[in-house]
Amino acid sequence: LLSGGAPKRIGSAANGCTPGGGYRCADGHIMIAPGNDAGYGRLCEVLGRPDLAVDPRFVTNATRLVHRTELLHGHVDEPAATTLAAVLAG
């Protein structure tokens with residue numbers, strides 16, 4: 001709203017961080033919103049994708065926002081193979 005334009009709709013995703021939003025897990029649904037780069041790195045470990053945490057396009061929240069489509073395309077289903085307990089324990 002500060003930009004003078006209406007934000008575009010992105011469902012349950014967060015405008016200021018990515019990945020963020022509702023995701024399907026193997027046994028339910030969960031809201032994921034890593035609050036900082038370290039939290040994003042831990043999420044990548046829990047999902048079995050530590051490579052994403054060191055990919056230059058995704059290292060910081062700022063670069064993840066620039067490359068949001070690339071990050072989410074093909075990776076949105078990552079939590080689907082993981083149980084809620086595993087994500088929450090991570």
Side-chain angles (χ1 to χ4, degrees):
L1 297 175
L2 295 175
S3 69
K8 64 180 184 175
R9 294 177 184 219
I10 56 174
S12 66
N15 277 321
C17 71
T18 197
Y23 293 88
R24 180 174 37 93
C25 288
D27 56 352
H29 292 82
I30 193 167
M31 291 293 293
I32 295 174
N36 55 42
D37 297 333
Y40 170 72
R42 182 70 187 123
L43 174 65
C44 291
E45 288 178 30
V46 168
L47 297 178
R49 292 298 309 272
D51 58 300
L52 295 176
V54 296
D55 185 315
R57 299 169 297 171
F58 311 132
V59 170
T60 67
N61 188 59
T63 59
R64 289 191 297 277
L65 287 170
V66 169
H67 299 283
R68 172 183 250 153
T69 303
E70 292 172 71
L71 177 62
L72 298 180
H73 180 70
H75 305 302
V76 172
D77 290 331
E78 297 291 341
T82 308
T83 65
L84 287 168
V87 174
L88 294 173

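Quick caveat: nothing in here was measured; it's all calculated off a predicted structure.
The two residues Phe58 and Leu71 come nearest to each other via the heavy atoms CE2-CB, 3.6 Å. When all heavy atoms are compared, the tightest approach of Ala53 to Val59 is O-CG2, 3.8 Å. Between Thr63 and Pro56, the closest heavy-atom pair is OG1-O, 3.8 Å. Considering all non-hydrogen atoms of both residues, Gly39 and Pro34 come closest at C-CB, 3.8 Å. In plain terms, the two heavy atoms of Thr82 and Val87 that are nearest each other are CG2-CG2, 3.6 Å.
Within the structure, salt bridge (Lys or Arg N to Asp or Glu O under 4.0 Å) contacts touching residues 29-44 (residues at least two apart or in different chains) are Asp37-Arg64, Arg42-Glu45.
Here His29 pairs with nothing under the side-chain hydrogen bond (donor to acceptor under 3.5 Å, both in side chains) rule; sequence neighbours left out. Residues satisfying the side-chain hydrogen bond (donor to acceptor under 3.5 Å, both in side chains) criterion with Asn36, sequence neighbours excluded, are absent altogether.
Checked against Tyr40 for a side-chain contact (heavy atoms from CB on, under 4.5 Å), the options Asn61, Ile32, Thr60, Leu52 give a single hit: Leu52.
Cluster annotation: Val66 and Leu72 are assigned to distinct hydrophobic clusters (Ile/Leu/Val/Met/Phe/Trp/Tyr, side-chain heavy-atom contacts under 4.5 Å, transitive). Note on Leu88 and Val46: same hydrophobic cluster, where clusters join Ile, Leu, Val, Met, Phe, Trp and Tyr whose side-chain heavy atoms are under 4.5 Å apart, directly or indirectly.
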